[in-house]
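First up is the structure itself, then whatever we jot down about it.
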Amino acid sequence: MFVKSSIAMSAILLLVGILSSLTVAQSIGVCYGVIGGNLPSRQEVVDLYKTNGIGKMRIYYPDEEALQALKGSNIELIMDVAKETLQSLTDPKAATDWVNKYVTPYSQDVKFKYIAVGNEIHPNDNEAQYILSAMTNIQNAISSANLQGQIKVSTAIDSTLITNSYPPNNGVFTDNASPYIKPIISFLVNNGAPLLANVYPYFAYANDQQSITLAYALFTQQGNNDAGYQNLFDAMLDSIYAALEKVGASNLQIIVSESGWPSEGGDGATTENAATYYANLISHAKGGSGTPKRPGGPIETFLFAMFDENQKQGAETERHFGLFNPDKSPKYQLSFN
């Protein structure tokens, strides 16, 4: 009996080990932006994800060509609602039509995981008034399609909604952000959905080089600082967790829906620094140590982005976040899995 049970226990432990390693292996995704004039076809891009063992993708609108290419790929997907569509989705029928057009027909063959209703919408943006209503209507449409067990509805915030972020435990939503974000957080808690957050140590470093060292931003600092942090990524992530705790959402999980480092166009934006950042972020996110506030377990993280997007507006750095060149050759030697 002892032998049998110990064999059974060994088998269970082996299975647990395999499952946990699969979880860790699948903690890294890559955002697929398409604002470039020279990028490969959607099918070539999906094949590139598979070749490199990248098990998760984020797309920024319902790109039906990409959805077709993703069929049967087993790649988990965050799909954003296009910014210009947000207002229309405050109408429940429009939200149902959106889900029936872009989600339901693909749901058997595409591994939708999250629908992001709004990306970096700020409290003063015109679109802010539509987010909660659109999220609610998309959620209801997902539930009507009986997909609520598979697909969670969320929104992606950036770190400008947080103030007093150092030490991280002092993190709190700004007075301006609180009335906007609190009802959204209640929605997420009620629906068992995570909060998506875009976390960019690069911009924090570039905007405050007096206080933030390059080593701290690149995960290369030796030892912890006086707040107990070895790297800026963990500090930024934990400041959001601290803000969530202060509004009664201490169990809400954060998915890092974007994080990256540009290879040119600004202070500290070099190929060498970007290679260091991406390699160390992948290792840290997969490593299972978590953050000081949320120790243990991988950090589900989406790297930004698959390609340089040479037609993006804004600062020069915006066009240099790619992990791959348009000819599909890698800019950096990274192991994703």
Side-chain angles (χ1 to χ4, degrees), residues 27 114 116 118-124 128 131-132 135 152 154-208 210-213 215-219 221 223-260 277 280-281 284-285 287-302 304:
S27 58
Y114 309 117
N119 182 45
E120 299 187 351
I121 302 298
H122 299 134
N124 294 336
I131 299 298
L132 183 60
M135 288 174 76
K152 298 298 182 185
S154 189
T155 190
I157 67 166
D158 65 23
S159 53
T160 65
L161 271 59
I162 308 292
T163 190
N164 296 343
S165 59
Y166 192 84
N169 265 335
N170 290 355
V172 63
F173 289 109
T174 65
D175 291 343
N176 195 23
S178 283
Y180 163 68
I181 200 68
K182 278 182 182 175
I184 290 172
I185 289 166
S186 296
F187 169 93
L188 297 174
V189 170
N190 291 339
N191 287 286
L195 176 66
L196 307 180
N198 299 344
V199 178
Y200 281 96
Y202 171 75
F203 292 115
Y205 160 76
N207 293 328
D208 188 9
Q210 308 317 114
S211 310
I212 298 172
T213 66
Y216 186 55
L218 292 177
F219 298 88
Q221 175 178 287
N224 294 344
N225 62 17
D226 54 2
Y229 284 80
Q230 183 272 336
N231 66 80
L232 181 54
F233 176 87
D234 281 355
M236 293 178 74
L237 187 51
D238 276 356
S239 71
I240 308 174
Y241 274 122
L244 290 173
E245 288 170 3
K246 292 179 181 72
V247 295
S250 54
N251 292 326
L252 191 62
Q253 183 193 6
I254 297 170
I255 305 300
V256 178
S257 43
E258 289 183 11
S259 191
Y277 181 78
N280 287 339
L281 175 57
H284 179 61
S289 60
T291 70
K293 278 190 87 65
R294 294 291 184 276
I299 304 165
E300 190 172 347
T301 301
F302 287 75
F304 188 87

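Throughout, residue positions are numbered sequentially from 1 according to the sequence presented. All values below were derived from every heavy atom in this structure, side-chain atoms included, with hydrogens, water molecules and symmetry-related copies excluded. Being a predicted model, the structure only gives us computed values, none of them experimental.
- Remark: Y241 OH to R294 CZ distance equals 6.0 Å, nearest 0.5 Å.
- Counting heavy atoms from C-beta on, the side chains of N176 and H122 never come closer than 4.5 Å.
- Side-chain contact between S154 and Y114 is absent, with no heavy-atom pair separated by less than 4.5 Å.
- When the options F302, F304, F233 are evaluated for a side chain to side chain contact (heavy atoms under 4.5 Å, CB included) with V256, the one that passes is F233.
- Nearest heavy-atom pair, A193 versus L252, reported as atom, atom and distance to 0.1 Å: O-CD1, 3.1 Å.
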Trace of the side chain to side chain contact (heavy atoms under 4.5 Å, CB included) decision for N224 with Y229 = CA-CA 5 Å; N224 294 344; Y229 284 80; 5.9 Å; no

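- Looking at S259 and Y277, their side chains do bring a donor and an acceptor atom within 3.5 Å of each other.
- Scanning all heavy atoms of the two residues, the minimum distance from G171 to I162 falls at CA-CG2, 4.2 Å.
- Atom-to-atom distance recorded for Q230:CD and H284:NE2 is 8.0 Å, nearest 0.5 angstrom.
- Applying the salt bridge (Lys or Arg N to Asp or Glu O under 4.0 Å) test to pairs two or more places apart or on separate chains, none has a residue in residues 224-239.
- Between atom CD of residue E120 and atom CG of residue L196 there is a gap of 11.5 Å, rounded to the nearest 0.5 Å.
- A donor-acceptor pair shorter than 3.5 Å cannot be found between the side chains of N280 and N231.
- Here the CD1 atom belonging to I240 is positioned 6.5 Å from the OG atom belonging to S159, to the nearest 0.5 angstrom.
- Taking CG of N198 as the start and OG of S257 as the end, the distance is 4.0 Å to the nearest 0.5 Å.
- Within the structure, the side chain to side chain donor-acceptor pair (under 3.5 Å) test picks out no pair touching residues 182-196 (sequence neighbours left out).
- A distance-only check finds a donor-acceptor pair linking the side chain of T155 to the backbone of G118 [under 3.5 Å].
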Under the side chain to side chain contact (heavy atoms under 4.5 Å, CB included) rule, what do Q253 and L195 come out as? Steps first, then yes or no, please.
-> CA-CA 6 Å; Q253 183 193 6; L195 176 66; over 6 Å; no

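- Annotation: salt bridge (Lys or Arg N to Asp or Glu O under 4.0 Å) contacts of K293 (sequence neighbours excluded): E245.
- Between the side chain of Q221 and the main chain of G223, a donor-acceptor pair closer than 3.5 Å is present.
- Taking the side chain as every heavy atom from C-beta outward, L237 and I254 approach each other to under 4.5 Å.
- Among residues at least two apart or in separate chains, there is no ring pair (Phe, Tyr, Trp, His ring centres under 6.0 Å) pair with a member in residues 164-192.
- Judged as a salt bridge (Lys or Arg N to Asp or Glu O under 4.0 Å), not a single pair has a partner in residues 163-175 (not counting sequence neighbours).
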Test side chain to side chain contact (heavy atoms under 4.5 Å, CB included) applied to N251 and L244, step by step = CA-CA 9 Å; N251 292 326; L244 290 173; over 6 Å; no

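- Between A227 and P168, the shortest heavy-atom contact is CB-CD, 4.3 Å.
- Here the options are I131, L132, L161, the test is side chain to side chain contact (heavy atoms under 4.5 Å, CB included), and the partner is I181; only L161 passes.
- Here the closest heavy-atom approach between residue G260 and residue Y200 is recorded as N-CE2, 3.4 Å.
- Using a 4.5 Å cut-off on side-chain heavy atoms (C-beta onward), L188 and K152 make no contact.
- Looking at residues two or more places apart in sequence or on another chain, you find no side-chain hydrogen bond (donor to acceptor under 3.5 Å, both in side chains) involving Y202.
- Side chains of D158 and T160: a donor on one and an acceptor on the other come within 3.5 Å.
- The shortest non-hydrogen separation linking L232 to A204 is CD2-CB, 3.9 Å.
- Between M236 and P201 the shortest side-chain heavy-atom distance falls below 4.5 Å.
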